[in-house]
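What you see is a predicted model, and the numbers here were worked out from it, not measured in a lab.
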Amino acid sequence: TGKAIDLISKGAGGSFLQTNTAAIVRSLTINMDLSSADRDMMSSFLSEGQGQGYTPQSGQITGILKQMKDTMEADLADITKTEEESVATFEGLVAAKEKEIAANS
């Protein structure tokens, strides 16, 4: 969403809609937990584009995209922390088992 925010902020919304990033944002718009108003606004922007009757509301669109980006970054941080804790726990268990095996040998 960082690329999308940059392009739309610079007024390149129409060209943005032609990119692979736009397809990713479309998918995120469907799959993320957004309010129905935000989802409708994003869907309208992504389906109609600026050249086909879309009334530019880039401030609202970039606001929604920034909120989506913040949510994804927070989710990634939580998942990364959980994964690191799981790896540490696993490594502790492996060390304990190896010590147990060595003691019984």
Requested in this report: Apply the test side chain to side chain contact (heavy atoms under 4.5 Å, CB included) to residues Glu73 and Asp70: give CA-CA distance (whole Å), side-chain angles for both, the deciding distance (0.1 Å), then the verdict.
Outcome: CA-CA 5 Å; Glu73 287 174 345; Asp70 291 345; 4.1 Å; yes
Query raised in the report: Is there a path from Met72 to Leu65 through hydrophobic residues (I, L, V, M, F, W, Y) whose side chains come within less than 4.5 Å of each other?
Result: yes
[atom2] on [Y] to [atom1] on [X], rounded to 0.5 Å:
| X | Y | atom1 | atom2 | value |
| --- | --- | --- | --- | --- |
| Met68 | Asp33 | CE | CG | 11.0 Å |
| Asn31 | Arg39 | CG | CZ | 8.5 Å |
| Met42 | Met32 | CE | CE | 10.0 Å |
| Ile24 | Thr29 | CD1 | OG1 | 11.5 Å |
| Thr80 | Glu85 | OG1 | CD | 11.0 Å |
| Ile30 | Ser27 | CD1 | OG | 6.0 Å |

Query raised in the report: Checking side chain to side chain contact (heavy atoms under 4.5 Å, CB included) for the pair Asp38/Ser35: CA distance, chi angles, key distance, verdict?
Result: CA-CA 5 Å; Asp38 288 349; Ser35 71; 3.2 Å; yes
Query raised in the report: More than 12 non-hydrogen atoms from neighbouring residues, nucleotides or ligands closer than 6.0 Å to CG on Asp78, yes or no?
Result: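 Check passes, neighbour count above 12.
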Report summary line: Joining Ile, Leu, Val, Met, Phe, Trp and Tyr whenever any side-chain heavy atoms lie under 4.5 Å apart, the cluster holding Ile79 also takes in none
Query raised in the report: Salt bridge or not for Lys97 and Glu100, using N-O below 4.0 Å?
Result: yes
